[in-house]
J.: 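Sharing a structure with you now.
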Amino acid sequence: NTYSENTKVQIAFSEGEITDITVSKSSGSKQIDEIVLQSVKDYMENAQLPKLSETSVQAIKNANGNNSFKITLSINF
């Protein structure tokens, strides 16, 4: 099997709260993906995320039609 040294994880937010964390690009190894995903989940549970300003929330709402957005983390190992 050929494995990638990169995994991408997508984090979805709504109203400033995390609603979902998923692997969006696999390393090619289910075990590695699960370790990366659990590490990101553990980190995000303990991270003190900055609050979005009203201007940022309004910009997201104008762009998406709601207060939901996603970020993607690219993890290299």
Side-chain angles (χ1 to χ4, degrees):
N1 286 342
T2 304
Y3 301 112
S4 171
E5 295 178 352
N6 180 275
T7 300
K8 290 187 179 179
V9 176
Q10 189 170 72
I11 304 171
F13 295 85
S14 182
E15 303 293 330
E17 300 292 325
I18 296 170
T19 57
D20 193 30
I21 302 175
T22 57
V23 172
S24 60
K25 180 184 173 209
S26 175
S27 66
S29 166
K30 185 176 179 178
Q31 185 177 13
I32 290 171
D33 291 348
E34 288 175 359
I35 291 168
V36 168
L37 186 60
Q38 189 59 52
S39 296
V40 171
K41 285 181 178 181
D42 291 346
Y43 175 79
M44 295 304 289
E45 283 180 13
N46 296 301
Q48 298 223 356
L49 302 175
K51 296 291 179 193
L52 294 175
S53 70
E54 284 300 316
T55 304
S56 296
V57 170
Q58 190 59 46
I60 292 166
K61 189 172 185 177
N62 290 343
N64 298 335
N66 57 44
N67 290 342
S68 299
F69 65 98
K70 296 178 181 177
I71 62 171
T72 300
L73 301 176
S74 184
I75 297 140
N76 298 303
F77 47 89

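Counting begins at 1 with the first residue of the sequence.
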J.: Mark yes or no for whether Ser27, through its side chain, and Glu5, through its backbone, hold a donor-acceptor pair below 3.5 Å.
T.: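 A pair under 3.5 Å: no.
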J.: Please enumerate all residues that pass side chain to side chain contact (heavy atoms under 4.5 Å, CB included) together with Leu37, with sequence neighbours excluded.
T.: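 Only Val9, Ile21, Val23, Lys41 meet the side chain to side chain contact (heavy atoms under 4.5 Å, CB included) criterion with Leu37.
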J.: Taking side-chain hydrogen bond (donor to acceptor under 3.5 Å, both in side chains) as the definition, give me every residue that meets it alongside Thr55, ordered by chain and number, with sequence neighbours left out.
T.: none
J.: Restricting to side chain to side chain contact (heavy atoms under 4.5 Å, CB included), what partner residues turn up for Ala59, sequence neighbours left out?
T.: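 Ala59 satisfies side chain to side chain contact (heavy atoms under 4.5 Å, CB included) with no other residue.
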J.: Return the set of residues passing side-chain hydrogen bond (donor to acceptor under 3.5 Å, both in side chains) with Asn46 (not counting sequence neighbours), or none when no residue passes.
T.: none
J.: When rounded to the nearest 0.5 angstrom, what is the spacing between CG in Leu73 and OG in Ser39?
T.: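 So the gap between those two atoms works out to 12.0 Å.
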J.: Going by the ring pair (Phe, Tyr, Trp, His ring centres under 6.0 Å) test, which pairs reach into residues 11-45, not counting sequence neighbours?
T.: Phe13-Phe69
J.: Is any side-chain heavy atom of Ser74 closer than 4.5 Å to one of Asn6?
T.: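 In short, these two side chains touch, coming nearer than 4.5 Å.
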J.: Would you compute the distance between atom CG of Asp20 and atom OG of Ser14 and round it to the nearest 0.5 angstrom?
T.: 11.5 Å
J.: For Gln31, which residues count as a side chain to side chain contact (heavy atoms under 4.5 Å, CB included) partner, sequence neighbours excluded?
T.: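 Gln31 satisfies side chain to side chain contact (heavy atoms under 4.5 Å, CB included) with Ser29, Ile35 once adjacent residues are dropped.
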J.: Would you indicate whether the side-chain heavy atoms of Val40 and Ile11 approach each other to under 4.5 Å?
T.: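 Ile11 reaches Val40 side chain to side chain.
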J.: Please say yes or no: joined through hydrophobic side-chain contacts below 4.5 Å, possibly via intermediate residues, are Val36 and Tyr3 part of one cluster?
T.: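 Cluster IDs for Val36 and Tyr3 differ.
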J.: For Ser56, what residues pass the side-chain hydrogen bond (donor to acceptor under 3.5 Å, both in side chains) criterion, not counting sequence neighbours?
T.: Ser53
J.: Considering only residues two or more places apart or on different chains, which pairs with a residue in residues 44-66 satisfy ring pair (Phe, Tyr, Trp, His ring centres under 6.0 Å)?
T.: none
J.: Any chance you could measure Ser24, atom OG, to Lys70, atom NZ, to the nearest 0.5 Å?
T.: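 Between atom OG of Ser24 and atom NZ of Lys70 there are 9.5 Å.
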J.: Can you sort out the partners of Gln10 under side-chain hydrogen bond (donor to acceptor under 3.5 Å, both in side chains), two or more places apart, ordered by chain and number?
T.: none
J.: Is the number of heavy atoms from other residues, nucleotides or ligands within 6.0 Å of NZ (Lys8) greater than 12?
T.: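 Check fails, neighbour count at 12 or below.
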J.: Which residues pass the side chain to side chain contact (heavy atoms under 4.5 Å, CB included) test with Asn66, sequence neighbours left out?
T.: Asn64, Ser68
